Amino acid sequence: MSETHGQEQSRHEKLAKLQEQGISPYPYRWDRTHTAAEVIAGFDELSQAKTEVKVAGRLISRRLHGKTQFGHIQDSGGEIQLYLRKDTIGDKAFDQLSLLDTGDMVGARGEVFRTRMGEITILVKELVLLAKSLRPLPEKFHGLKDVEIRYRQRYVDLIVNPDARRVFLARARIVSLIRQFLDSRDFVEVETPTLQPIYGGAAAEPFKTRYNVLNQEMFLRISDELYLKRLLIGGMERVYELCKDFRNEGLDRTHNPEFTQVEAYQAYADYTDMMTMVEELFRFLAQQLHGKTEVTFGNETFDLGKPWRRLKFIDALAEKIEADPLKLSQEMLEKAGAKFGLQVTGQPSRAKLLDKLFETLVQDHIVEPTFVMDHPKITCPLAKTHRDNPDLVERFEPVVCGMELGNAFSELNDPVEQRHRFEEQIKRNEEFATLDQDFCTALEYGMPPTGGLGLGVDRMVMLLTNTPSIRDVILFPQLRPQND
RNA sequence: GGGCCGUUAGCUCAGUUUGGCAGAGCACCUGAUUUUUAAUCCGGUGGCCGCAGGUUCGAAUCCUGCACGGCCCA
């Protein structure tokens, strides 16, 4: 056991004294009858009938007054004040209160009343220690601000920062509302492999692992796309999956190596249907969450009730570089990149250069909800060729405040073209290009025309809760290991 | 990958410019206090100043390297 000092030492001493006195610091259960919120909501009835209530939670504050004590306990839905009197709980029990600390889990039994200052309070007849806390909590007034401790010890953050609790409750609500939205449109939720023998569905570096029994290299999925499309081939006309994807890439304000994505595929639809669905989904989420469609993110406020702006990839980029991006050679693209201060590592492909140029020159400056649409064909092997322009694909990315929220296509369902596009990608030496033979085989059985959509749930939560860092919407974000 | 900033008590922070006893508030401990609520009042405890080197009579402070975190750029 590690050495303890100061406040921790004092708590260990109290623990020992409790045990000497035959008081279990870690009893088995407590029959709670009411939550803090229920006591407050039911106050009139409870106080009138002098109903005895049993509450439980973490003791988060104490105010000692000689022969009385006040304190608050916090449970998952709120706080309630406790009032302890020596003449109510008895001399011995009152003396034993000195062995309690803020941070301890306790159960309290008593009657409800309103104090002189008007606060609903429990006059405690019995106070039971439910779990001794051996470490002091951060100070209540300034809270816990050190972001590193907040992320590394999220449990402490959740105890002391109401804002952290608010964001994660909102996240749970958003996830639930996304399911509700899709379920109500007859989408079927499915589960596809996280461990995949070949990765695909995006251009990203995968995490590699090994399945010993098969002596086979495996990958954590970077996307669910190719499995979900197999289900459309199998006759499931509307499917979705809400799960973690993994990308072996950098860490920053909008990237975590494991992140949550919802992917939905709808047979007989195209990307314009997916645009409508995105608009409806965000309108629904904002309305359900905030009671209005106006959303504020940082300094920007916009109305998710309105249709999103449509911005053609090629037009927007052409305006910035003053040339037709489709007609520029590799060398000219590299020159343009250099001109605008782009630093692309390794040997950048044409597709990557176009993407980077667009990101820097256009996407980062987009504020209002926008569908960036009709990308150059080479940037994406899985989208259907544009019905009006053979050099483009029917694809769009929802972007808000420079943040890419997802990706959607009219899904390519021509098996011959699909195989060709994969092969071309590999021939061009695109990073992380793969050819999933079984997926190509599946397509040969016939996939209906399909609209597909992937949305980054973490970023959606950021947007809808006005949280600028992805680490504040992921309970346990990735950090570098501490070495000590 | 590059630049800038941060790391001091359990927590929130001063102190670094100009080297000279390690500080405050809250928390904690002792005492007073039977309707308080950032309770109040008396007295007290608590430090690997992120880590490792260097300069100096003397380093939290100056220099070098490293770690972690944040912001910006790419």
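Chain naming here is simple, since letters A, B, ... match the order of the sequence lines and numbering starts at 1 in each. Treat the numbers as computed from the prediction; the structure is a model and nothing was measured.
Contact annotation: A:R62 does not reach the phosphate of B:rU37 (side-chain N/O to OP1 or OP2, under 4.0 Å). Dashed line: the shortest gap from a side-chain N or O of A:R253 to OP1 or OP2 of B:rC72 is under 4.0 Å. The side chain of A:K67 contributes no N or O atom lying less than 4.0 Å from OP1 or OP2 of B:rA32. For A:K140, a side-chain nitrogen or oxygen approaches OP1 or OP2 of B:rA39 to under 4.0 Å. Phosphate contact (OP1/OP2 of B:rU35, side-chain N/O of A:R114, threshold under 4.0 Å): absent. Taking 4.0 angstrom as the limit, A:R63 places none of its side-chain polar atoms (N or O) nearer than this to OP1 or OP2 of B:rU36.
Here B:rG69 presents its C1' atom at 10 Å from CZ of A:R480, a figure rounded to the nearest Å. If you take CZ of A:R11 and P of B:rG10, they are 13 Å apart, rounded to a whole angstrom. The CD1 atom of A:I149 sits 11 Å away from the C1' atom of B:rG69 (whole-angstrom rounding). Rounded to whole Å, the distance from CD on A:E139 to P on B:rC26 is 9 Å.
A salt bridge links A:D157 to A:R154: one of the charged nitrogens lies within less than 4.0 Å of a carboxylate oxygen.
Both A:L137 and A:T68 lie near RNA chain B, and the one whose nearest nucleotide falls closer to the 5' end is A:L137.
Here B:rU37 is the nucleotide among B:rG25, B:rU34, B:rU37 with the atom lying nearest to any side-chain atom of A:E119. In the set B:rC68, B:rC11, B:rC28, B:rC28 carries the atom at the smallest distance from any side-chain atom of A:K14.
Comparing B:rU45 with B:rG23, their C1' atoms sit 15 Å apart, to the nearest whole Å. Taking the P atom of each, B:rC4 and B:rC66 are spaced 13 Å apart, rounded to whole Å. Taking atom P in both B:rA9 and B:rU61, the straight-line distance is 15 Å, to the nearest Å.
A:D104 places a side-chain N or O within donor-acceptor distance of the main-chain N or O of A:D101, the cut-off being under 3.5 Å.
Residue-level contact check: A:G143 touches the backbone only, with heavy atoms under 4.0 Å from sugar-phosphate atoms and none from bases.
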Exercise. Under the side chain to side chain contact (heavy atoms under 4.5 Å, CB included) criterion, do A:F297 and A:M403 qualify, and how do the steps go?
Worked result: CA-CA 11 Å; A:F297 187 75; A:M403 217 167 23; 4.1 Å; yes

